[in-house]
Number of protein chains: 2
Amino acid sequence: MNTAAPLRSRKAQIDRVATSLFRARGFAATSMRELATELGLEAGSLYSHIKSKEEILHRVCFGLAEEFFAAFAAATADTTAPIATQLRLAIEGHVRVLTRDSAASTVFLQEWRHLSEPARTDFLALRDRYEAAFRALVQQGIAAGELHAPDAAFVALTLLASLNWLPAWYRPDGKLTPDEIAHRLAEQLLGGLLVKD
Amino acid sequence: MNTAAPLRSRKAQIDRVATSLFRARGFAATSMRELATELGLEAGSLYSHIKSKEEILHRVCFGLAEEFFAAFAAATADTTAPIATQLRLAIEGHVRVLTRDSAASTVFLQEWRHLSEPARTDFLALRDRYEAAFRALVQQGIAAGELHAPDAAFVALTLLASLNWLPAWYRPDGKLTPDEIAHRLAEQLLGGLLVKD
DNA sequence: CCTACCGATCGGTAGG
DNA sequence: CCTACCGATCGGTAGG
């Protein structure tokens, strides 16, 4: 009778282990047999919990997209705050999502192209919307005279690129906490942009 | 008799087409049959020109590594130049290599992990050496009082991350030439670092 | 969750 | 450069 809870946690466990394998070997090079072995069961048994290999990838990619949007919305909720503050909060929020689960983040950043259509197109649309939101914030900052930069698109691209490199070198047991990293990244990346009084 | 030249160019052609497939689908998800079809021949025929699928990846990854080192060496050849100048030249050189062949660059940046040992370890050692060279340059700049930054390693990481995002959005037929992009990236990335007089 | 298995496809080779 | 093929492995399913 009490099967709902164990099933849910088993599925979550499959997602978690699969995600770490996808990061280590890539989605295409990870076999369901490898995943099953890591979980201590047979390959066929996986399919009583999931529908397909891609379903896992789909959940990881779209789940993280949702987290990024939620963090951005929270960072920019107070529209009366200075744009520089909103941008700083958005950077910190982005970093917080990236470091909360760096395996999932890496899969989100690198393995989305193994999604088949139409999921792949949908995913790219979400990513573009997110980048556009960052770009718009930078643009507002320039318009408000809080930031100086010749090209908001360039700024947004290099900003996100710098942040998205984080999962490649972040170690949870490193010297800096995620919040400290976020703070330093925000300082450094905004340092050259802020208009000095 | 005159077989050396055609064979050499056929091999180069295989590398080129394979590289673009590796970028589009990833190394693991690209099949030799797909590659053969794209080249207008049968899968088995590939092996009179190459030894293995991985051999192609190896050539691309290590070939590009060599190009990056050569560009860096040229940029820093004049050790009497200000560090800021050397750093600017190194950034421009890096961008020039990235844009000269953005398919190969993407493979270099994303697919190296499909190299088997010991090539994979060798490759990572090269990448670390390259990052260390950039880091050392930033450190020299700070020591010389030309740059101000709290952490050279942080600067080097975000610098290279910003540059390495370029192949993801660079279009050869875009508005900006590679040199213009390189110049703007250098300006923006060094803008916040340079000590104002 | 397992056993047993499916058809498809993989990288690569032999021999010409 | 092709034909014909190898053993291995793939994602996934049927039936229990």
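So that the names make sense, note that chain A is the first sequence line, chain B the second, and so on, each numbered from 1.
- Pair assignment for C:dG15 gives D:dC2, based on Watson-Crick or G-U wobble hydrogen-bonding distances that are each under 3.5 Å.
- Taking the centre of each ring, B:Phe108 and B:Phe123 come in below the 6.0 Å mark.
- Between the NE2 atom of B:His49 and the P atom of C:dG12 there is a distance of 16 Å, given to the nearest Å.
- Atom CD in A:Glu42 sits roughly 5 Å away from atom P in C:dT3 (whole-Å rounding).
- Phosphate proximity of D:dC2 to B:Ser45: present, with a side-chain N or O under 4.0 Å from OP1 or OP2.
- Nucleotide D:dG11 holds its C1' atom 12 Å from the CZ atom of A:Phe22, rounded to whole Å.
- A sub-4.0 Å separation between OP1 or OP2 of C:dG12 and a side-chain N or O of B:Arg33 is absent.
- Which of C:dG12, C:dC1, D:dG12 sits closest to the side chain of A:Ser52 comes down to D:dG12.
- At the phosphate of C:dT13, neither OP1 nor OP2 sits under 4.0 Å from any side-chain N or O atom of B:Tyr47.
- D:dT9 atom P lies 15 Å from atom NZ of A:Lys53, rounded to whole Å.
- In this structure, B:Lys11 atom NZ and D:dC1 atom P are separated by 14 Å, rounded to whole Å.
- Atom pair B:Ile56:CD1 and C:dG11:P shows a separation of 10 Å (rounding to whole Å applied).
- Ring orientation note: the planes of A:Phe68 and A:Tyr130 are tilted relative to one another, at an angle of 30° to 60°.
- Note on ring orientation: taking the six-membered ring where Trp is involved, the planes of A:Phe134 and A:Phe72 are tilted (angle from 30° to 60°).
- The side chain of B:Ser31 places an N or O atom within less than 4.0 Å of a non-bridging phosphate oxygen (OP1 or OP2) of C:dC10.
- To the nearest angstrom, P of D:dT9 lies 18 Å from CG of A:Leu35.
- Rounded to whole Å, atom P of C:dG11 lies 13 Å from atom NE2 of B:His114.
- A close approach under 4.0 Å does not occur between any side-chain nitrogen or oxygen of A:Ser48 and OP1 or OP2 of C:dC1.
- Relative to the ring axis of A:Trp112, A:Arg127 places its NZ or CZ within 45° and under 6.0 Å from the centre.
- Remark: the backbone N or O of A:Arg184 is not paired with any side-chain donor or acceptor of A:Gln188 at under 3.5 angstrom.
- For the pair A:Ala29 and A:Gly44, nearest-nucleotide mapping onto DNA chain D gives the more 5' position to A:Ala29.
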